[in-house]
Amino acid sequence: MLIEITHDPIDPDAVRRSVGGSHDGAVLLFLGTVRNHNDGRTVDGMEYEAYEEMASEVLRAIAEEAATALGTDRVAVVHRIGSLAVGEVSVAIAVSSPHRAQAYDASRYAIEEIKKRLPVWKREHYTDGERSWVRGQTPRPVEEKANMSEPPSDGRPGSAGAERGKGGMA
Amino acid sequence: MLIEITHDPIDPDAVRRSVGGSHDGAVLLFLGTVRNHNDGRTVDGMEYEAYEEMASEVLRAIAEEAATALGTDRVAVVHRIGSLAVGEVSVAIAVSSPHRAQAYDASRYAIEEIKKRLPVWKREHYTDGERSWVRGQTPRPVEEKANMSEPPSDGRPGSAGAERGKGGMA
Amino acid sequence: MRVQTRFFAFYRDLLGSTELTVDLPDGATVGDLVSSLRGRGRPFDGLPVAPAVAVNRTYRGLEAHLTDGDEVAFIPPVAGG
Amino acid sequence: MRVQTRFFAFYRDLLGSTELTVDLPDGATVGDLVSSLRGRGRPFDGLPVAPAVAVNRTYRGLEAHLTDGDEVAFIPPVAGG
């Protein structure tokens, strides 16, 4: 599994090509990209920061949970940090599986968990020179370890009392 | 919108790059690929056939309905016909939108409708030399034209009395 | 009137042909066309009683009326993707 | 005992520092650490009463007990993706 927190630009095609294979009938690639607008303001860039040592571990845990939902080990999750321009890719998630339903579920699971749990923050740069931290979700400790074996169910870390993000990426 | 029934190999990266842009925070690429197995039999290729004149029109209708669900015109749908080897891409669907929920919904909508309505058939080639048509779904006429304006709702063509496909692509 | 029928995939294999011109009484429906074909006996009686049909590239029910020159395609269960 | 705290993003901006070594009585919890920091007054009282915290890179609640040498990270609401 390709799992990475990187300072370098993401190559979406390479991430996609890291999954797939002759057993699989469905490949799904999700890209999160920096938008030029948020909450009615014009954005000209985004600065991503991570608690890197922890983010690597959390990203691996998310990928492994997604693989369980997927039923295959064909999962790739790469998150970029640093300064990104509008249009650049901040996160790429690729999965493949024999059937498409599992691919859609696992892909969606991975991006939702990233937004709930990954210790990453981002600051928008507006065209007027101002900057502000994008409001996010408050991660919560896993209440019961038993939940770990049921990725797609409720009760995930961060699912209780999560704040709605005001915006940022899609 | 890139909408195509093609006899040539599909370039997934080109399909993906045909969507996206600075307004969008989410890009989703779905690929259907030929699996090496189905119902316990080993498959070494797939032969796709279309009612081409009609398939082009239906594919355009599906793309336009997906665009309505998506809220943007960044939709690409390409379906290949002819003889495909295991691992080759039979269908590519790319969408992009400001927010990810719409991208996942529109992508899924497009592939489900393709499987319900697109006049395309496929014949599996097994390693023992046998061939057989993959069982599919029986498309139905649109009962009420009013349904056309509500792509993600029920009552879509083919949703009533559809036969479960026994296999084939994911 | 005269309509042009087309057969794909499994139906083409069944009938051994891709197209057939069929004469029908004025006012005939898709259902009448299906009955007329099935009435020819083998191999046409291998067509379903209620197949999916597209008239001029739009899916239509058995009750749809046909017009001279229509293209009527017999659509086996589809399996794209 | 002594723990190493780390502050990210908005919390780092608030405190003007990324790390701080804090001495605590044995048996102290995450909650005790938060109270101790907030008790220092400005700017520390700008930290939430119940912030998200990771101990040695795992999210833990305020009731979790700390051990000498622990790395305790204060995690503002996350916004990856």
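A note on names: the letters A, B, ... follow the listed sequences, proteins ahead of strands, and every chain is numbered from 1.
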Heavy atoms only, distances under 4.5 angstrom: which of V53(C), N56(C), D13(C) has the most pairs with chain B? Name it, please. D13(C)
Under 4.5 Å heavy-atom distance to chain C, tell me which part of V91(B) shows up: side chain, backbone, both or neither. side chain
Find the distance between CD1 (I75(C)) and CZ (R6(C)) and round it off to the nearest 0.5 Å. 9.0 Å
Does any heavy atom of chain C fall under 4.5 Å from the side chain of A50(B), the backbone, both, or neither of them? backbone
Holding to side-chain contact (heavy atoms from CB on, under 4.5 Å), I want the full list of residues that pass it with P43(C), two or more places apart in sequence or in another chain. L15(C)
Are D128(B) and R41(B) within salt-bridge range, i.e. N to O under 4.0 Å? yes
Given Y48(B), which of H125(B), H7(B), H79(B) fulfils the ring pair (Phe, Tyr, Trp, His ring centres under 6.0 Å) condition? H79(B)
Under 4.5 Å heavy-atom distance to chain C, tell me which part of E53(B) shows up: side chain, backbone, both or neither. both
Where on R80(B) is there a heavy atom nearer than 4.5 Å to chain C: the side chain, the backbone, both, or neither? neither
Which atoms form the tightest heavy-atom contact between V78(C) and R117(B), and what is the distance? CG2-N, 4.0 Å
